[in-house]
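Just below is one structure, and these are the notes that go with it.
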Amino acid sequence: MTRTDIAVEKYKEYKYRKIFFGLFLIILLTSTIIYSICVGSMHLTIGEVVNTLVHASNRTNEVIIWNIRLPRVFAAVIAGMSLAVAGCVMQCLLRNPLASPFTMGISQAAAFGAAFAIIILGVGEINMTDIPIILNNPYIVTIFAFMSSLIGIFVILLLAKFTRLSPQAMILAGIAMGSLFSAGTMLLQYFAEDVKVASVVFWTFGDIGRAGKKDILIMSIVTIPALIYFISKRWDYNVLESGEESAKALGVNTERLRLFGVLIAALITSVSVAFLGIIGFIGLIAPHIMRRIIGGDHRFLVPMSAMFGSVLLLVSDTLSRTVISPVMLPVGILTSFMGVPLFIYLIIRKRRLY
Amino acid sequence: MKLKLRSVEFEYPSISVLKNISFELNSQETLAIVGKNGAGKSTLIKCINRILEYEKGKILLDEQEVAKMKRKDIAKRIAYLPQKSSYTFPIVVFDVVLMGRYPHLSGGNNKENEKRVWEILKILNLESLALRNFGEISAGQQQKVLIARAIVQEADLLLFDEPTSNLDLRHQLEVMEIIKKIVREKSISAIVAIHDLNLAARYSDNAIMLNNGVIFALGTPFSVFTSENIAEVYGVEALVTEKEGIPNIIPQRPI
């Protein structure tokens, strides 16, 4: 064999390793989904689950699976996917390893929106009879959280569009917007009654169980096309890694790619955050863990980050509702407890060739 | 391939960088651009493939105006090597070179693209680096990898922005030799912005000396690299002799 042949073989091996890891992730995700459906305050066997799904035999099991477990599992899969893929794309687009959906101030903005709805509009208070329409709409906090995070993103994107902000400056603008929204939230909380402050704080704890079937449908409708868009742009992201000027010279319209990418990433994150509350770290950690394992090629990185985000959030959520059952911990706490040690281990481990 | 620049002007907010730049470049020609720091060398290079959008004048690539071409179509014709290239995240050498195929991607045939990359890596003797992390190889090797990427792009004009600036002596010569070789073998053209006047004199057919954004001298190396021009543009006293038909510049002292 010539030197080239050896190199070609090695590269093939390197590619197959990634494909194998992808298959492993699919198996891991599937088994996590099955496991999550089975465990809980009432344990089910795989046989019972399959039976119930196929011929709807047992009424109790049916309720548990269709109304409680499946929506929850689906919500975790979709939200994990959207947070991770948004983080992956933002890190590439903004050329910064610290970028994540939350670097753009999305969580702080959503929290402000929720606080505004709870404290100023008094959503959730039963004895407020003067604005009954708003009170009867359970979506009002969600809608405000969503609108508020969109306002934050649009301010940054408009700045980027009209003043040609550099990617670094966009991150700084995002952090600044985040601080502004945090200050707004604190101001609202300072003048609010303690019950309302408590409900704002509770809202900010991410909770997968909050999502109903309709919410999950909305999240899927937004997330899945976004995922397809991101995968279709995999080559562009790879080219962008070589730098702004090289990417332009290779034929990428970098400004447009960045604007659309950040907008879509922000959009899917906002939807998740608005429905489920703040779930930190998945967007930052899931793509980085994948980078450490399979490398920075977006052909593999985008779909695998998405899958790994789902796995991470689903495992965290399953643990959060089983570990000290019947108490259900907010999943945001678990994602950090699970993800951060794994992340630090991968950082300090001897760097592999990839 | 024929490149024509007609009265091209470019300004950054508040500072005019390029004024009234006109020249032509033919097939199989290597053009060196020299000048002081800040003379506008990089800016001129970046205007040609529209990394920077020039405001006035025309750049014509085979009579087609570059300003009206799509980025991808420009990339099929013009390849560019930046002065500095940094990756935010680790990437292996093979994948860096593969990016050169981006303008030609159409849906599927990865095998064909990968085959081209291997061919070039073999020609440049880089196969053994294919799986190394781009950030961990030497600056000279990095420059060769980027040249490989430019070749894989199959453009007929190559733009180099100071390709030798942080390389050791051997790599400087190697890189210039590679450029000369591909220009000759593939019948393409190259524009090289460069600081080293001797390398410029030795490896170019024609040269442009820029001074404060205008063309101070344009022509063969002998007509451009004269003691008078170097004194006027660089403020340096230099001795220019001839060696093997090439001007040999020996700087003496600042004036």
Side-chain angles (χ1 to χ4, degrees), chain A residues 2-15 17 88 91-99 163-164 167-168 232 234-257 287-288 290-292 295-301 351-354, chain B residues 42 45-46 48-52 69-96 98-105 110 114-115 117-119 121-122 125-134 136 146 149-150 153 155 159 161:
Chain A
T2 65
R3 223 168 51 175
T4 315
D5 291 336
I6 296 169
V8 172
E9 281 308 308
K10 270 198 188 150
Y11 185 75
K12 264 189 194 156
E13 215 182 283
Y14 164 77
K15 243 178 29 183
R17 244 191 354 244
C88 169
Q91 283 156 14
C92 166
L93 290 175
L94 301 179
R95 293 177 62 69
N96 192 315
L98 285 177
T163 62
R164 305 215 151 200
Q168 287 80 0
S232 77
R234 60 198 183 279
W235 282 102
D236 302 57
Y237 297 142
N238 278 349
V239 173
L240 194 62
E241 294 270 290
S242 59
E244 192 78 13
E245 289 176 351
S246 291
K248 275 185 187 170
L250 283 164
V252 176
N253 189 334
T254 54
E255 280 101 12
R256 201 170 57 194
L257 184 73
H288 277 304
M290 278 303 105
R291 274 203 176 87
R292 291 267 156 185
D297 185 344
H298 287 81
R299 286 177 292 168
F300 299 95
L301 187 61
R351 284 256 302 273
R352 262 205 355 221
L353 173 88
Y354 53 75
Chain B
S42 295
I45 292 252
K46 286 177 197 167
I48 292 171
N49 68 343
R50 243 181 72 213
I51 292 174
L52 295 172
M69 289 168 76
K70 279 192 195 152
R71 279 209 183 280
K72 244 188 182 161
D73 294 329
I74 298 175
K76 283 177 187 160
R77 306 286 316 274
I78 308 177
Y80 164 80
L81 261 84
Q83 199 171 345
K84 264 190 271 168
S85 202
S86 67
Y87 283 81
T88 323
F89 300 106
I91 179 167
V92 297
V93 165
F94 185 90
D95 292 343
V96 171
L98 187 60
M99 290 308 110
R101 297 300 301 164
Y102 176 82
H104 303 280
L105 285 177
N110 261 328
E114 287 185 7
K115 219 177 95 192
V117 174
W118 284 118
E119 281 166 15
L121 288 179
K122 196 176 167 186
N125 247 328
L126 294 168
E127 323 89 301
S128 53
L129 293 180
L131 279 176
R132 291 278 298 280
N133 180 355
F134 182 78
E136 288 167 1
L146 293 179
R149 184 179 79 189
Q153 207 173 326
L159 306 175
D161 196 354

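In what follows, chains are A, B, ... by sequence order, proteins preceding strands, each numbered from 1.
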If every non-hydrogen atom of V252(A) is compared with every non-hydrogen atom of R71(B), which pair is closest and at what distance? O-CD, 3.4 Å

Shortest non-hydrogen pair, S246(A) vs P82(B), comes out as OG-CG, 3.3 Å

Given a strict heavy-atom distance threshold of 4.5 Å, which part of [X] is in contact with chain B: side chain, backbone, both, or neither?
{"X": "D297(A)", "answer": "side chain"}
{"X": "E244(A)", "answer": "neither"}
{"X": "K15(A)", "answer": "side chain"}

Pair Y102(B)-D236(A), side-chain donor/acceptor within less than 3.5 Å: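 Note: Y102(B) and D236(A) side chains meet the donor-acceptor criterion.
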
Looking at V96(B), L98(B), L52(B), I78(B), which one has more heavy-atom pairs under 4.5 Å with chain A than the rest?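 Most heavy-atom pairs within the cutoff with chain A belong to L98(B).
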
Heavy-atom pairs under 4.5 Å with chain A - which of M99(B), K46(B), R50(B) has more of them than the others?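 Result: the option with the highest number of such pairs is M99(B).
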
Heavy-atom contact with chain A under 4.5 Å, split by part of [X]:
{"X": "K76(B)", "answer": "neither"}
{"X": "I51(B)", "answer": "both"}
{"X": "L81(B)", "answer": "neither"}

Take the angle between the ring planes of W118(B) and Y11(A) and call it parallel below 30°, perpendicular above 60°, tilted in between. perpendicular

Would you compute the distance between atom CD1 of I91(B) and atom NE2 of H298(A) and round it to the nearest 0.5 angstrom? 9.0 Å

Atom pair CD1/NZ of I74(B) and K248(A) - distance to nearest 0.5 Å: 11.5 Å

Can you find a pair of side-chain heavy atoms, one from [X] and one from [Y], that are under 4.5 Å apart?
{"X": "D95(B)", "Y": "R299(A)", "value": "yes"}
{"X": "R95(A)", "Y": "F89(B)", "value": "no"}
{"X": "L250(A)", "Y": "R149(B)", "value": "yes"}

Who pairs with Q168(A) by side-chain hydrogen bond (donor to acceptor under 3.5 Å, both in side chains), at least two apart in sequence or on another chain?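 So Q168(A) forms no side-chain hydrogen bond (donor to acceptor under 3.5 Å, both in side chains) with any residue.
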
For K72(B), does the NZ atom sit with more than 12 other heavy atoms under 6.0 Å from it, leaving out its own atoms? yes

